[in-house]
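Below is one structure, written out as structure tokens, with a few remarks after it.
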Number of protein chains: 2
Amino acid sequence: MSVSTASLAFSGAGPIAAATRQRVLDAAAALDYSGPNPLGRQLRRGRSGIVGVVVGDSLRRSFRDPVSIQVLDGLVSTLGPLDLGVLLIPGSSDPAGPAVDPLLETAAMDVAVIMWGGTTDDPMLGALRRRGTPTVLVEGQPLPDVASVGIDDRGGMREATEHLLSLGHTRIASVTLPFDRSRGEGLVALDQMDHLNWEITRRRLTGVTDAGVTPVAIWETPASLVEHGRTAGIALLSMPERPTAIACQSDLLASGVVLAARELGLRVPEDVSVSGFDGLDLPWLAPDVLTTVVQPLAEKGAAIGHAVEDFLAGEGPSRRELPVSLRIGTTTGPAPTVS
Amino acid sequence: MSVSTASLAFSGAGPIAAATRQRVLDAAAALDYSGPNPLGRQLRRGRSGIVGVVVGDSLRRSFRDPVSIQVLDGLVSTLGPLDLGVLLIPGSSDPAGPAVDPLLETAAMDVAVIMWGGTTDDPMLGALRRRGTPTVLVEGQPLPDVASVGIDDRGGMREATEHLLSLGHTRIASVTLPFDRSRGEGLVALDQMDHLNWEITRRRLTGVTDAGVTPVAIWETPASLVEHGRTAGIALLSMPERPTAIACQSDLLASGVVLAARELGLRVPEDVSVSGFDGLDLPWLAPDVLTTVVQPLAEKGAAIGHAVEDFLAGEGPSRRELPVSLRIGTTTGPAPTVS
DNA sequence: GCGCCTGGTCGAATCGATTCGATCGCCTCT
DNA sequence: AGAGGCGATCGAATCGATTCGACCAGGCGC
């Protein structure tokens with residue numbers, strides 16, 4: 001019997017007599033042949049069925065961030081039914097090592113996803129463009145040949161800031177995500193604003209000024225982690241002219257600030273109001289509920305999946321923006337009348 | 001010029017004149033050929049360079065577990081230099097859906113890793129055996145044709161229990177990981193012990209009896225999460241004959257029990273001692289430090305990587321067991337003299 | 001009874017890179 | 001000057017599956 005008949009038997013498609021099919025399957029069992037080799041199929045199809053996902057700077061850090069996890073979960077759920085697998089690609093964490101992970105250069109993948117679209121001059125984008133791999137950029141600056149998925153960061157942060165304004169706050173500080181790959185930590189002077197290279201940080205900061213607020217202090221953190229939020233909170237709440245409200249660019253940072261306030265003996269929200277961004281469940285703040293800008297994380301993952309789908313259907317780069325909504329919790333309240 | 005020469009030019013190996021090489025590269029640039037197609041190379045080599053990793057039941061749940069994350073991080077760090085990529089494969093979470101993820105059946109991979117080696121009759125093991133894919137089982141029951149990586153669960157738990165005994169505790173309860181795929185929650189009667197199918201749970205429970213202790217109560221949790229630990233703690237600490245010590249099978253569970261104790265107004269360790277397993281940093285318990293059995297998580301990931309390496313070097317299935325050590329913190333103390 | 005149609009099977013080309021052996025100049029040694 | 005040797009290049013086979021067109025035999029209609 002011929003190889004083509006065998007192929008028909010395994011694929012199931014095409015005209016084949018049931019008897020022949022059974023004969024092929026029996027022979028395969030006798031020769032302990034375990035079905036078609038995926039590599040051959042992939043070469044023929046010209047498709048690997050693999051989506052490379054650059055998760056973040058280092059896996060450990062990314063995976064400690066519930067935001068990444070939930071988006072990734074949504075992405076995998078969308079990709080699964082399409083018979084697509086997710087290949088994990090570490091971002092460039094080691095400045096001494098290669099600028100991009102070798103996997104990004106050599107691994108077989110149909111589409112690449114960059115989960116934290118960094119700066120426009122990201123070497124990863126260059127590498128992917130060179131290879132001609134269609135790319136989905138999440139929370140990055142839109143580029144003509146790259147699909148993008150994002151949320152209304154700017155509008156969301158504007159809404160949160162306006163909420164603080166409506167409560168009478170005037171001394172508002174901001175705790176931000178990293179400004180660029182160097183991931184500094186501490187107060188940012190106004191003349192350092194030009195190296196604000198990370199798009200997501202820029203957009204959320206712009207949202208604050210959109211509301212007509214000039215922050216009394218801007219604190220940069222090296223990553224969205226509770227401990228960095230705590231450090232920021234201790235510092236900002238020890239300032240001589242203490243801010244009455246702190247708008248944070250992530251929920252983890254905000255929860256760190258709340259913990260810092262409690263440590264310093266300050267009441268939330270009576271002495272200081274705190275707002276976040278993301279809309280996570282933060283059980284360790286209980287009974288407090290964080291005031292925050294809720295973004296649809298699972299839907300964001302699904303949107304990335306659909307952007308991938310578009311590419312595989314032969315369409316050009318798509319562009320999606322998801323809405324956010326303000327959730328008012330118990331960590332924001334009227335500004336204290338006496339400072 | 002010929003394809004073989006072009007291949008030489010790109011691979012760099014083999015004898016080739018610098019001038020020819022440059023000519024090939026120029027021609028490639030002119031035709032915007034972006035380097036060798038990985039699929040062709042993989043087919044020829046007979047290797048995909050991909051390691052499939054089954055992370056756990058559902059991605060969301062697995063990724064909320066710092067233990068999985070840290071092991072995965074160690075694994076990726078080891079696999080990276082070997083030019084191997086990690087393909088994420090969701091475990092079977094939906095009982096209505098297929099028993100194993102289609103990726104496990106069809107994706108190209110050189111080796112598969114099952115991170116939470118479940119039961120011996122795991123359908124995933126069957127699928128992998130049918131395909132002839134070398135498999136590394138983590139924390140599972142050793143099988144002849146499968147490589148295994150594990151720690152001394154039993155000895156570690158025995159040591160922790162002996163520590164409690166030495167403090168004078170006699171009423172010791174146990175909070176366990178799931179017994180089987182059905183993931184029940186609640187007290188386990190003695191006659192239900194036979195459906196204890198999950199190897200890791202069994203081993204850690206055996207460690208307790210090894211120390212000569214019969215737990216006054218065994219509480220099964222559906223997953224290693226703080227909230228499940230809290231539920232367990234509330235229940236166990238409300239029992240009429242309250243246990244004076246609770247040995248938990250994970251740190252997340254233990255921290256939930258500590259939180260529950262605090263909620264109930266019990267002092268730790270004066271009123272109740274709590275021990276964990278894993279050796280995580282748990283900042284939200286501060287200033288308390290959990291007494292726990294420390295396992296080397298990053299090394300575990302590296303050990304999995306080496307097991308993979310062995311397979312690719314053509315060796316048979318290897319077997320590795322890593323040591324654990326007891327870390328005594330502030331959550332265990334002498335048994336209360338008056339109950 | 002003959003021709004046509006159709007369901008089933010087979011050959012061969014193709015996807016793209018690698019690699020072994022062969023060939024072809026050219027240089028050097030005698 | 002002729003022969004041997006070596007470095008560079010090329011042909012062709014191979015990895016394994018898919019798929020299009022060809023082919024063949026049996027059934028049905030006229």
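The chains referred to below are lettered A, B, ... by the order of the sequence lines, with proteins before strands, and numbering in each begins at 1. For the numbers below, each heavy atom of this structure counts, side chains included, while hydrogens, waters and symmetry mates do not.
The stretch residues 25-37 of chain B touches DNA chain C through B/Y33, B/G35, B/P36, B/N37, each having a heavy atom within less than 4.0 Å of the strand. For the segment residues 100-109 of chain A, no residue has any heavy atom less than 4.0 angstrom from an atom of DNA chain C.
Nucleic acid contact class of A/L43 (heavy atoms, under 4.0 Å, all strands): base. Among the protein residues, B/R44 comes within range of the nucleic acid bases, having at least one heavy atom under 4.0 Å from a base atom.
A distance of 6.0 Å separates CG of B/L103 from CG of B/L87, quoted to the nearest 0.5 Å. Going from atom OG1 of B/T133 over to atom CG of B/L104 covers 7.5 Å, rounded to the nearest 0.5 Å. Here CD of B/Q141 is found 14.0 Å from CH2 of B/W198. Values are rounded to the nearest 0.5 Å. Atom CG of A/L39 is separated from atom CG of B/L43 by 6.0 Å, given to the nearest 0.5 angstrom.
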Exercise for the section: Carefully, step by step, assess B/S4 and B/S7 under the rule side-chain hydrogen bond (donor to acceptor under 3.5 Å, both in side chains). Expected result: CA-CA 5 Å; B/S4 34; B/S7 176; over 6 Å; no
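For A/V3 and A/T20, each mapped to the nucleotide of DNA chain C holding its nearest heavy atom, the one lying further toward the 5' end belongs to A/T20. Place B/R23 and B/G40 on DNA chain D by their nearest nucleotides, and B/R23 ends up nearer the 5' end.
A donor-acceptor pair under 3.5 Å is absent between the side-chain atoms of A/S318 and the main chain of A/A307, judged by distance alone.
For B/R320 and B/D310, the salt-bridge test passes: some basic side-chain N is under 4.0 Å from an acidic carboxylate O.
The base of D/dG11 is paired with the side chain of B/S4 by a donor and an acceptor separated by under 3.5 Å.
On the nucleic acid side, DNA chain C contacts chain B at distances under 4.0 Å to non-hydrogen atoms, with the end points of that region at C/dG16 to C/dT19.
Applying the ring pair (Phe, Tyr, Trp, His ring centres under 6.0 Å) test to pairs two or more places apart or on separate chains, none has a residue in residues 104-123 of chain B. The side chain to side chain donor-acceptor pair (under 3.5 Å) analysis of residues 103-112 of chain A, with sequence neighbours excluded, yields the pairs A/S48-A/D110.
Closest approach of A/A108 and A/I50 over heavy atoms only: O-CG2, 3.6 Å.
For the side-chain hydrogen bond (donor to acceptor under 3.5 Å, both in side chains) test, residues two or more places apart in sequence or in another chain that qualify with B/D153 are B/R203, B/R204.
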